[in-house]
Student: 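Got a structure for you, written out below as structure tokens; questions coming shortly.
Numbering starts at 1 and runs along the sequence shown. In each ligand, atom 1 is the first atom listed, and ligand 1 is the first ligand listed. Everything numeric in this text was worked out from a predicted model, so none of it was measured.
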Amino acid sequence: MTELAAVSVTALKGVGAALAEKLARVGLETLQDVLFHLPLRYQDRTRIIPIGALRPGQDAVIEGVVAGADVLMGKRRSLLVRLQDGSGTLSLRFYHFSQAQKDGLKRGTQLRCYGEARPGASGLEIYHPEYRSLNGHEPIPVEQTLTPIYPTTEGLTQQRLRQLSEQALARLGPHSLPDWLPAELARDYQLGPLDEAIRYLHRPPADANLEELAEGRHWAQHRLAFEELLTHQLSLQRLRESLRAQEAPQLPKARRLPTQFLANLGFQPTGAQQRVGAEIAYDLSQPEPMLRLVQGDVGAGKTVVAALAALQALEAGYQVALMAPTEILAEQHFINFQRWLTPLGLDVAWLAGKLKGKARASALEQIANGTPMVVGTHALFQDEVQFKRLALVVIDEQHRFGVQQRLALRKKGVEGRLCPHQLIMTATPIPRTLAMSAYADLDTSILDELPPGRTPVNTVLVADSRRFEVIERVRSACHEGRQAYWVCTLIEESEELTCQAAETTFEDLSAALGGLHVGLIHGRMKPAEKAAVMAQFKKGQLQLLVATTVIEVGVDVPNASLMIIENPERLGLAQLHQLRGRVGRGSAASHCVLLYHPPLSQLGRERLGIMRETCDGFLIAEKDLELRGPGEMLGTRQTGLLQFKVADLMRDADLLPAVRDAAQALLARWPQHVSPLLERWLRHGQQYGQV
Ligand code: ADP
Ligand code: MG
């Protein structure tokens, strides 16, 4: 039997050149691809549910006789069709309908419908159901299996995808789809047969547990998630090997520049900064590219570590690029590096997406001519940016960048045959177990000590009914010479609305706090405006800064010691921790007020409780994972983690230790299985499969 990986979709009935092209767009080129294109969810069309037994919110097939159809005028014109089946009555409601459609729904017509029953003005209603008339037909059988709903694209119907998977499933067997997990591993980790898992997920039997499937707890999903995570591990290992096989500029340990830098710095590096600095210095002196991740809690002093690394490259006469995920953060690094490097006789160039025209051309020219230090946003990834003797790339707050971007940069720096070193810095956005998996291609250093004199941020929960007291608290803190942030959180995923809310809050607080200098910063402001506001706040000309979460990452104003976060229940714990890290940077005792909107759910109360109890980012991440438990998804924005087809790093976290062991076993004992696995899972997501 031919392996399905080698059979083109054009071998299927009904697939011509045009359809094949459409399928290729969603990554479906072979029958194996079709089989690994798994349903997102299922519908149960295996039973006809009596109307009287329907629950609100239930998706169901029902059958009945039309008892009447009326056009209602109301707020919006609609067609209301009453349907009876002897057990009860239900309404079908159509807001869009044609005369022909209306005529076809006459009293006495026998219908079969599918849709979601919802409570409506006339009892249970189904809006725009799928339906067909049963009059004059032979009885139509119900479905035998659950109905799969596939991820799709424009012009590719579910019907079509079902026909294709049907045909591919007919050719599925252990020989046509080899199982690359050796039997021994499958036994050790209790993983069922691949072909059965695939068959089950495309066509679950009528008695399958929909809830279990929706939560990804079925053995078939585990089987595939395991294989996918395993493949991801293997690809990162490969990536790492291929990278290490390249050559990088060997940078001798620097003396002159670091001595001058430290003398001007105004403080001593912590023990952790020195240790991590030494780990980096060693890597940089090696002939292969460094790939190191520095994890350090917010405020641990990662920027100084980055500067020390940069100096080693600069002293050897090479160029360094530092990239940050937001303009505010990049700008702040630019200011710091200018302050640190200018006295050492080193120029710093600046590049961000918003830089246009002459300024941009001149920045590009400086970079190409070899300005020693380059700071910017992802604009540095762009094709027209030409570096000169680039030896080190520093990426700050890694969780905002994906592996893909990491790769783009690696390629970017290649000059002749030399590949730049890479230093990645992150503030522990994800628990250790996950980090190990997501960053398996990196060495890690942990900055586990805060600079001396920091007092942990004292965090309190206050209901927003006591907003007035909180405003008074801001007033007295500012009168004592301290500075404060007032953070407005995201409203319904809308940046626009969030910025408007921040504007309103800014006006309210300005009025309530007459005499204080209040500033506003949000994502819709022009970069120059934002920069000006930040500069004023930094200089102490503004006492209170009303902000959206644009300030969450990296912003550093040590004199700010009070933060109010509105509706903290809307944010993830990692994000709250990042935000709160904006205070507690100086020597004054700092406070964070979580101004929540009651009532809090049980989970909400526990989560905010964690924030009150600890300032340890690792602990917060672990606890968050525990509380979320399996099934709850983490937005990509928060983790920046990879997208998987079946696996979910949070949900499947408990598989990771076994996945790691299995990856090692596979590499050591069954290396010939590695390529077919990569080919199967990553052919279209080569981002982490190749360099
Ligand atoms: P993060 O790790 O969050 O990026 P930063 O690099 O922004 O932290 O540092 C936070 C603050 O701590 C900055 O004001 C920085 O100057 C200061 N800092 C860094 N290292 C030390 C140190 N060893 N002693 C005192 N202050 C330090
Ligand atoms: Mg930082």
Side-chain angles (χ1 to χ4, degrees), residues 258 261-278 280 292-311 322-341 343 375-377 394-401 423-429 444-457 482-483 485 534-535 537-540 549-561 563 574-588 590 592 615-618 620-621 640:
F261 167 71
L262 290 172
N264 297 343
L265 192 58
F267 50 76
Q268 289 290 316
T270 61
Q273 283 170 324
Q274 287 175 19
R275 175 176 46 78
V276 172
I280 296 168
R292 187 168 285 280
L293 175 74
V294 173
Q295 283 190 278
D297 214 337
V298 281
K302 293 183 287 291
T303 323
V304 167
V305 171
L308 286 168
L311 291 174
L322 185 160
M323 183 163 43
T326 66
E327 196 150 334
I328 294 189
L329 184 54
E331 171 110 34
Q332 184 178 290
H333 282 315
F334 176 60
I335 293 168
N336 276 331
F337 275 82
Q338 259 188 330
R339 182 160 52 89
W340 289 334
L341 299 187
V375 179
T377 59
V394 182
I395 304 180
D396 194 12
E397 307 294 354
Q398 153 70 13
H399 61 300
R400 294 302 180 90
F401 294 107
L423 178 63
I424 293 152
M425 305 194 294
T426 175
T428 65
T444 50
S445 296
I446 297 191
L447 213 50
D448 51 6
E449 182 184 348
L450 293 180
R454 300 274 172 85
T455 42
V457 181
R482 290 185 284 147
Q483 288 171 283
Y485 296 98
M534 274 325 290
F537 189 61
K538 221 168 168 156
K539 280 191 223 144
T549 52
V550 293
I551 57 148
E552 117 195 19
V553 172
V555 168
D556 184 36
V557 179
N559 189 48
S561 61
M563 172 172 283
Q575 209 183 354
L576 279 173
H577 180 65
Q578 281 284 332
L579 273 173
R580 183 174 61 180
R582 302 309 110 222
V583 292
R585 307 197 140 225
S587 48
S590 293
C592 175
C615 289
D616 178 337
F618 279 113
I620 289 174

Student: Walk me through it: do Thr444 and Arg292 pass the test side-chain hydrogen bond (donor to acceptor under 3.5 Å, both in side chains)?
Tutor: CA-CA 5 Å; Thr444 50; Arg292 187 168 285 280; over 6 Å; no
Student: Look at Asp297 together with Lys302 and state whether they make a salt bridge at an N to O cut-off of under 4.0 Å.
Tutor: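 So Asp297 does not pair with Lys302 through a salt bridge.
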Student: For ligand 1, which atoms sit closer than 4.0 Å to a heavy atom of Pro269?
Tutor: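 It comes down to these atoms of ligand 1: 23 (N).
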Student: Which of the atoms in ligand 1, numbered in the order shown and given with their element, are less than 4.0 Å from a heavy-atom of Val298?
Tutor: 3 (O)
Student: Examine Gly301 against ligand 1 and note whether any of their N/O atoms are separated by less than 3.5 Å.
Tutor: yes
Student: Closer than 3.5 angstrom, by distance alone: can the side chain of Ser590 be matched with the main-chain N or O of Gly584 as a donor-acceptor pair?
Tutor: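 Yes: the side chain of Ser590 pairs with the backbone of Gly584.
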Student: Judged by non-hydrogen atoms, does Gly299 sit under 4.0 Å from ligand 1?
Tutor: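 It does, in that a heavy atom of Gly299 comes within the 4.0 Å cut-off of ligand 1.
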Student: List ligand 1 atoms under 4.0 Å from Thr303, heavy atoms only on the residue side.
Tutor: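 That gives atoms 4 (O), 5 (P), 6 (O), 7 (O) of ligand 1.
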Student: Is it true that a side-chain atom of Gln295 and a backbone atom of Ile446 form a donor plus acceptor pair closer than 3.5 Å?
Tutor: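 No, because the side chain of Gln295 does not come within donor-acceptor range (under 3.5 Å) of the backbone of Ile446.
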Student: Tell me if a side-chain donor or acceptor on Gln273 pairs with a main-chain N or O of Gly301 at a distance below 3.5 Å.
Tutor: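 Confirmed, Gln273 side chain pairs with Gly301 backbone.
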Student: If you measure from each non-hydrogen atom of Gln268 to ligand 1, which part falls under 4.0 Å: side chain, backbone, both or neither?
Tutor: backbone
Student: For Gln268, does the CD atom have more than 12 heavy-atom neighbours from other residues, nucleotides or ligands under 6.0 Å away?
Tutor: no
Student: Which of the numbered atoms in ligand 1 are below 4.0 angstrom from a heavy atom of Thr270?
Tutor: 23 (N)
